[in-house]
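Comments concern the structure below.
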Protein chains: 2
Amino acid sequence: MITIDDEHPTPPFEQIRTQLADQIRAGALEADQRLPSVRQLAADLQVATGTIARAYAALEAAGLISTSRGSGTRVRADQGLDDESRASARRFVQALQRRGVSLDDALSVVRAEWPRLP
Amino acid sequence: MITIDDEHPTPPFEQIRTQLADQIRAGALEADQRLPSVRQLAADLQVATGTIARAYAALEAAGLISTSRGSGTRVRADQGLDDESRASARRFVQALQRRGVSLDDALSVVRAEWPRLP
DNA sequence: TTTCGTGTATCACTGAGATAATACACACGA
DNA sequence: TCGTGTGTATTATCTCAGTGATACACGAAA
């Protein structure tokens, strides 16, 4: 399920791209699974087909999905993080939630702890 | 240190806001520490003062900083996550880096593991 | 071949955001 | 008290990312 928050500063196509990427990496979408067509998803989310097309194009460029005219869009195999990384994320999320930390704050501290680039 | 990436889809004022928020939450900026003036930071980053002012206003609305005319902008006390949360984040970051995971993927899996809203 | 459902390309429009210039209001220190 | 440096507000202008609508190109199946 994908939702669009009009209040959010990030544009719709970016929200769609992010959410799909999250779901694929988390393993919520199986490999080779068919995604909705651009028209279908555009109608569901009340946006233009070009908006969906742009999100799909970005995901394909990132190697997460595979698109082809006529035959639709599918999740590429060999995607998703390994189980250990996901388990590590789950421990982290649970620890912060017990302390009442918000998602934004959690993402914030991860970015902050991530070593700076050289 | 704050940097602006013109390639990034998020607008400059949002990048500034995010980076300052990250640094405050991570404890990189001490409580009561003075931030640069809007004119100073605007000159450093080559943006207009209004852009900095907007980022500062957003941070104040979020309760992270405290601004007052004439006396500048300061980091509010009682900010930053607790040590245990930060330690947890550090463990998480280290675990994923050992596996060669990128920052985007790390944030992605955190969002994915974060429980959905009701 | 024809049909239908795909993704893709194009184009004009809109609005959010950035800018620049300016003026104002307040705090602090000399 | 006055001067300086602060954040804030306003206004007008400009740019361009994102959008929406539409037409095109391709693939699969009947």
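Numbered from 1 within each chain, the chains take letters A, B, ... in sequence-line order.
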With a 3.5 Å distance limit and no angle check, can you tell me whether [X] reaches the backbone of [Y] through a side-chain donor-acceptor pair?
X	Y	answer
A:Gln33	A:Glu30	yes
B:Ser88	B:Glu84	no
B:Arg76	B:Leu64	no
A:Glu60	A:Thr67	yes

Find the distance [X]:[atom1] to [N]:[atom2] and express it as a whole number of Å.
X	N	atom1	atom2	result
A:Leu41	C:dG5	CG	P	18 Å
A:Ile16	D:dG20	CD1	C1'	14 Å
A:Asp6	D:dT19	CG	C1'	12 Å
B:Gln40	D:dT4	CD	C1'	15 Å
A:Ile52	C:dT6	CD1	P	13 Å
B:Leu35	D:dT6	CG	P	13 Å
A:Leu45	D:dG18	CG	P	17 Å

If you compare all heavy atoms of [X] against all heavy atoms of [Y], which two are closest, and at what distance to 0.1 Å?
X	Y	value
B:Thr3	B:Gln19	O-NE2, 2.6 Å
A:Gln15	A:Ile4	OE1-CA, 3.5 Å
B:Gly27	B:Arg86	CA-NH1, 4.0 Å

Nucleic acid footprint by protein, nucleotides 13-19 of chain C - heavy-atom cut-off 4.0 Å, B for base, S for sugar-phosphate alone: ----SSS

Reading 5' to 3' through nucleotides 23-30 of chain D, protein heavy-atom contacts under 4.0 Å coded B for base, S for sugar-phosphate only, - for none: B-SSS---

With a 4.5 Å heavy-atom cut-off, do [X] and [Y] have their side chains touching?
X	Y	result
B:Val109	A:Arg25	no
A:Leu59	A:Arg17	yes
A:Phe13	A:Val47	no
B:Leu29	B:Leu35	yes

Proximal nucleotide (of C:dG7, D:dT6, C:dT8) relative to the B:Ser37 side chain: D:dT6

Degree of bending in the helix from C:dT1-D:dA30 to C:dA30-D:dT1 once both end axes are built from five pairs, to 10°: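 End axes: 30° apart.
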
Sugar-phosphate only, base, or nothing, as touched by A:Arg34 at under 4.0 Å among non-hydrogen atoms: sugar-phosphate

